[in-house]
Amino acid sequence: MQDADSTNESLFEAPPMAEQERMCEAVLFASAEPVSVRDLEARMPHGCDVAQALEHLRKRYEGRGVRVVKVGEAWAIRTAPDLGFLMQKETVETRKLSRAAIETLAIIAYHQPATRAEIEEIRGVSVSRGTIDQLMGLEWIRFGRRKMTPGRPVTFVVTPDFLDHFGLESARDLPGLKELRAAGLLENRPPPGAMSLGEDEDGADAQPELFGE
Amino acid sequence: MQDADSTNESLFEAPPMAEQERMCEAVLFASAEPVSVRDLEARMPHGCDVAQALEHLRKRYEGRGVRVVKVGEAWAIRTAPDLGFLMQKETVETRKLSRAAIETLAIIAYHQPATRAEIEEIRGVSVSRGTIDQLMGLEWIRFGRRKMTPGRPVTFVVTPDFLDHFGLESARDLPGLKELRAAGLLENRPPPGAMSLGEDEDGADAQPELFGE
Amino acid sequence: MNDNLFQEDATSVSERLAAEALIVDVDGYEGPLDVLLTLSRTQKVDLRKISVLELARQYLGFVERAKELRLELAADYLVMAAWLAFLKSRLLLPPDPTEEGPSGEELAAHLAFQLERLQAMRDVAARLMACDRLGRDFFRRGQGEDVTRIRTVQYNATLLDLMQGYARIRTRDDFRPFVMDRDSVFTMEQALERMRGLIGFTGDWTDMASYLPQGWDGDPVRRRSATAATFAASLELVKEGHLEIRQSDLYAPIQLRKVDGRT
């Protein structure tokens, strides 16, 4: 599997692209978790063009039983979703999430970074004990940067594990995100006139810096 | 990925060979153990020619970064032997950090730069040499600036590795006790009012306690 | 509670039935906004075209019905009722040019926006949960490689461990024996947090007593503490410029009103 044009291979030259692709393939196959580009680069010989090798690899697996997918800044191999029916044995029963937890997760994903006050403002109820706890335990959310608003509240953002679980390449690929944004439903719109509810005095100035990771 | 010759597909006909190959590929990939031909047959739709599909699959992976190999009576996907050197990092054993180490780390994260004396004062017990060494070895803490107090004691601060591991942008994003409680992340609910924390915790929003403590 | 707030004009039979149907499962609702959203479905129109006036009527009918059945509604349901009653009057009466603050239409539009947004978040939450999911629809590698040559031990700890460890140390002192029984003490901090969440809905002068948390208005000791804390918190909010406060006479009810942000 040597490229024809790499006749003058030396110790200090990167391996041919086909070889780089094989290497990426081997590493991704071996790892159950997504592997970051940086990690791949560190493992592979000096001078490799990992991004390009991954792109080749992704194409190669199109339509096959497994796929090469991007998860945030990392890559992984996952089975094709249409073959899920073959995997009863591997299926993991996940604990059912409560309605509150599902809604809270969605609000964080679509509005991130989201403060607790924002979540409560949208749902109209306080975030109950255990909801955040559960989502953190699943490692689907984590703390983001504090908001630059009075009280500097902590924020929540979704994690790469979340993306991996829901088969998303990035938070931009959330279903319906564009429609929501076009409909103005992701705006932080304070109640008219008012100083608004409690903490979310962040009001208009804090355009949710979506995906500003 | 449909075979050309499968125009008259029916419920009781086996899927086209290319499809059977995809199925074998997905099952071998996702299975935790090598899979026997009989097991594959049981999982796949009735009428599949598993042996032939496996043969196709094995050919397809010839020369790739992974190979389809026979292990005893079963089949598995394995890294190509010449790429074993890429896998060396793969075997990692994870162990939980001891309670002492976690508490020490937490105090450093929340109070950095923290001297050993400060850590001991907060924990109420002495800090063993081993704990500090372990945290240093993990590269989660490092020495900070010496304190400008008598004896000029060394201080400890957390490292970028620490932030990376715990998914934080900065140690300032760690929630304060009040926020932890608000998010439902505390197990115990101490009496109200007894939650004032030293230092920077609730900073600006700390309200004067009307009901004397 | 301000009884006259809930003195509603006769509600139609269908509204009563709708309210009754809601009542059956009051615990199944996640707050007043959720109830409003459910009620809004009976109008069978796009949320953007919803009649907020109609919705306010339905909600007030719901609260009325709950009262008749002597059901304890959580305070935030009642605050919402008070706010909707206020909104209703604003929508029905011709605008008073001397009146400050947002118009009834603006308030109604915002409520419609909140409902639409909540509905939208529910819809996308459902779509999200229906995505192909790891471990259900697609799968990761089942078998790590067994090229066991280098064994490294990696110590692991989660952020939760870290925070709980910290909280454990910092709250240890709170359990010293000298701590008195504080069951009956409602702190100003609690009151302030509560008030901040509620003042958004006070359009007009409202009795401060209606802000007392549920379960704190029976026992005199608890009521006293809650009243004192709520009063102190109100003063704090007045100081911050969020609230106005007045008392018409000695021992008369203390009334609160949200300050209009534009002043």
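A quick note: this is a predicted structure, and the numbers were derived from the prediction, not measured. In what follows, every chain begins at residue 1, and chains take the letters A, B, ... in the order their sequences are listed.
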Counting heavy-atom pairs under 4.5 Å with chain B, the top scorer among A:T159, A:I77, A:L28 is A:I77

Neighbourhood of chain B inside residues 161-168 of chain A, taking heavy atoms under 4.5 Å as contact: none

Give me the atom names and distance for the closest heavy-atom approach of A:G65 to B:A26. O-CB, 3.6 Å

What do you reckon, is CD of B:E33 surrounded by more than 12 foreign heavy atoms closer than 6.0 Å? no

Answer yes or no: is there a side-chain heavy-atom contact under 4.5 Å between A:R22 and B:L86? no

Taking C-beta and beyond as the side chain, do A:R64 and B:F29 meet within less than 4.5 Å on heavy atoms? no

Minimal heavy-atom distance between A:T79 and B:A30, with the atoms involved, is CG2-CB, 4.0 Å

To check you understand the geometry: which heavy-atom pair defines the closest contact between A:E25 and B:V66, and what is its length? OE1-N, 4.2 Å

Test side chain to side chain contact (heavy atoms under 4.5 Å, CB included) on B:R43 and A:M87 and set out the steps. CA-CA 8 Å; B:R43 285 191 186 205; A:M87 312 293 169; 4.3 Å; yes

Taking everything shown except A:R99 itself, do over 12 heavy atoms lie less than 6.0 Å from its CZ? yes

Contact summary for A:R146 and B:L174, nearest pair of heavy atoms: NH2-O, 2.6 Å

Counting only non-hydrogen atoms closer than 4.5 Å, does A:R60 touch chain B with its backbone (N, CA, C, O), its side chain (CB onward), both, or neither? side chain

Assess whether atom CD of B:E55 is packed by more than 12 heavy atoms of other residues, nucleotides or ligands within 6.0 Å. yes

Only pairs at least two apart or in different chains count here, so list each salt bridge (Lys or Arg N to Asp or Glu O under 4.0 Å) that has a residue in residues 131-142 of chain B. B:R129-B:D133

